[in-house]
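Here is the structure we will look at, set down as structure tokens.
Model, not experiment: these values are computed from the prediction. In what follows, chains are A, B, ... by sequence order, proteins preceding strands, each numbered from 1.
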Number of protein chains: 2
Amino acid sequence: MRPLPRSRLQAQKATLPGTVPEGTRRRILEEALRLFASQGFHGTSIRDVAKKLELQPSALYAHFSSKEHILAELVQVGHEAHQEALRAALRDAGTEPAAQVRALVRAHTVMHAAHPQLAVVVNEEIHALPPELSAPAMALRDQSVALLTEVIRRGVEQGRFSPPHEAATGAAISAMGTRLPYWYEPSGALDLDTLANIHAELALRMLGAR
Amino acid sequence: MRPLPRSRLQAQKATLPGTVPEGTRRRILEEALRLFASQGFHGTSIRDVAKKLELQPSALYAHFSSKEHILAELVQVGHEAHQEALRAALRDAGTEPAAQVRALVRAHTVMHAAHPQLAVVVNEEIHALPPELSAPAMALRDQSVALLTEVIRRGVEQGRFSPPHEAATGAAISAMGTRLPYWYEPSGALDLDTLANIHAELALRMLGAR
DNA sequence: GTCTATATAGGGATAGAC
DNA sequence: GTCTATCCCTATATAGAC
């Protein structure tokens, strides 16, 4: 339950959602993901990435035009996979606000627990990008936030939810997932499906669902 | 409610808890805090800090033996102030678990909202330190975590709390505060005292307090 | 698409004068 | 305690051969 110093999430293999095609380009993304999550974007050099892949630094430039573009792609892929997971969850959740919250929270939690490095890089290193490169991901983020706030708003309107404050409660619900990479260990005693259910339950408690 | 790219928390003045004496050393810490929060530790150079202070880079070395030692002091000061705030809150909270949770959560929230840059640097940049330099702060962190988990455990023992899972609920409660710097704006419509009460209420809901 | 070699810039930190 | 000057290293990125 404590983040380790200097070696933040140096985990096993850095998993990338399946949408990225195989090949050297993917290998670069995976290795960069691992290193960015562990040492941060500015703490990782092109040489570090190249060395791990047993390539010369210049070889990376055949696949990405700059170090920033590698980060930008990771950030974009992460936001896309996250939003797709939320939308898929909503599609199967019916129309009850409580069921929709449960589905959104479960998907949010599973995403952050299954791809902890990607979650960390997306959330902490996006700031290292110039606005042009981060804008598409920021737009996706706004949409994803809206998915939850909209469900909360509808639940309140229907008299099903009674949170002490809609925005603050929404932020608290999101925060449970966002902080997961800093303490949750998938190989530990608490399995992911159980954790996802716990988070859904906590969200509904915060909302005063009835 | 969205973190801005490239300029993470470039806020006004970076506030440091009052325990640090005035003088050039403090000015260095404050400016480094602002820059580390905005650009990250690795994204900030000694030259950046010196330029903002209208000093030559070499002048900083009369006050700190390395760039890492500047970060280490910020991290230590942040952890000390946080823990002291939690302990002070507990001292005035009586013996009821619910009142103790309320006091801890309120203090945690106020600390993160009042010192957002320090919170971000403490949580995100501690990983940039070698273990020798981060160890004292990590020890404090473990103690602070224990303050909350201990209160939760007692509340459960006494039959006052019924969380779905003690550790996960404790993490969810902490996460509300930890994520504050990324969305809360002190100058906005939601004042800090109200927010602290909201977080306390959410914590007690999660715990099923009765 | 990968290599060798290198251009060009900026990094942390120190020496020694005042 | 701050300055000027500088050492030495590493960074990103490019040129051109294969």
Under a 4.0 Å heavy-atom cutoff, the residues of residues 60-67 of chain B touching DNA chain D are B:Ala62, B:His63
* When you check the phosphate oxygens OP1 and OP2 of C:dT14, does a side-chain N or O of B:Ser58 lie under 4.0 Å from one of them? -> no
* Asked: Has the side chain of B:Tyr184 got a donor or acceptor atom that lies under 3.5 Å from a matching backbone atom of B:Arg179?
  -> no
Under 4.0 Å from OP1 or OP2 of C:dT2: is there any side-chain N or O of A:Gln56 that close?
no
Self-check item: Side-chain donor/acceptor of B:Arg47 to base of C:dG12, under 3.5 Å
Solution: yes
Ordered by number, residues from residues 21-29 of chain B within less than 4.0 Å of DNA chain C (heavy atoms) are none
message = I'd like to know if the side chain of A:Lys52 reaches the main chain of A:Ala32, judged simply by a donor and an acceptor atom lying under 3.5 Å from each other, with no hydrogens or angles considered.
response = no
Are A:Arg205 and A:Glu201 ion-paired here, with the side-chain N under 4.0 Å from a carboxylate O? yes
| message | Could you go through A:His82 and A:Ser144, starting from their C-alpha distance and side-chain angles, then the distance that decides it, and tell me whether this counts as side chain to side chain contact (heavy atoms under 4.5 Å, CB included)? | response | CA-CA 8 Å; A:His82 180 249; A:Ser144 294; 4.1 Å; yes
**Report entry** Donor-acceptor contact present, side-chain A:His165 to main-chain A:Ala168, <3.5 Å
**Finding:** yes
Does the distance from a Lys or Arg side-chain N to an Asp or Glu carboxylate O, for B:Glu73 and B:Arg25, drop under 4.0 Å? yes
Does the pair B:Arg87/B:Glu84 count as a salt bridge with the N-to-O cut at 4.0 Å? no
State plainly whether the residues B:Arg26 and B:Glu30 are in salt-bridge range, i.e. N to O under 4.0 Å.
yes
In whole angstroms, the gap separating C1' of D:dC3 from CD1 of B:Ile46 amounts to 17 Å
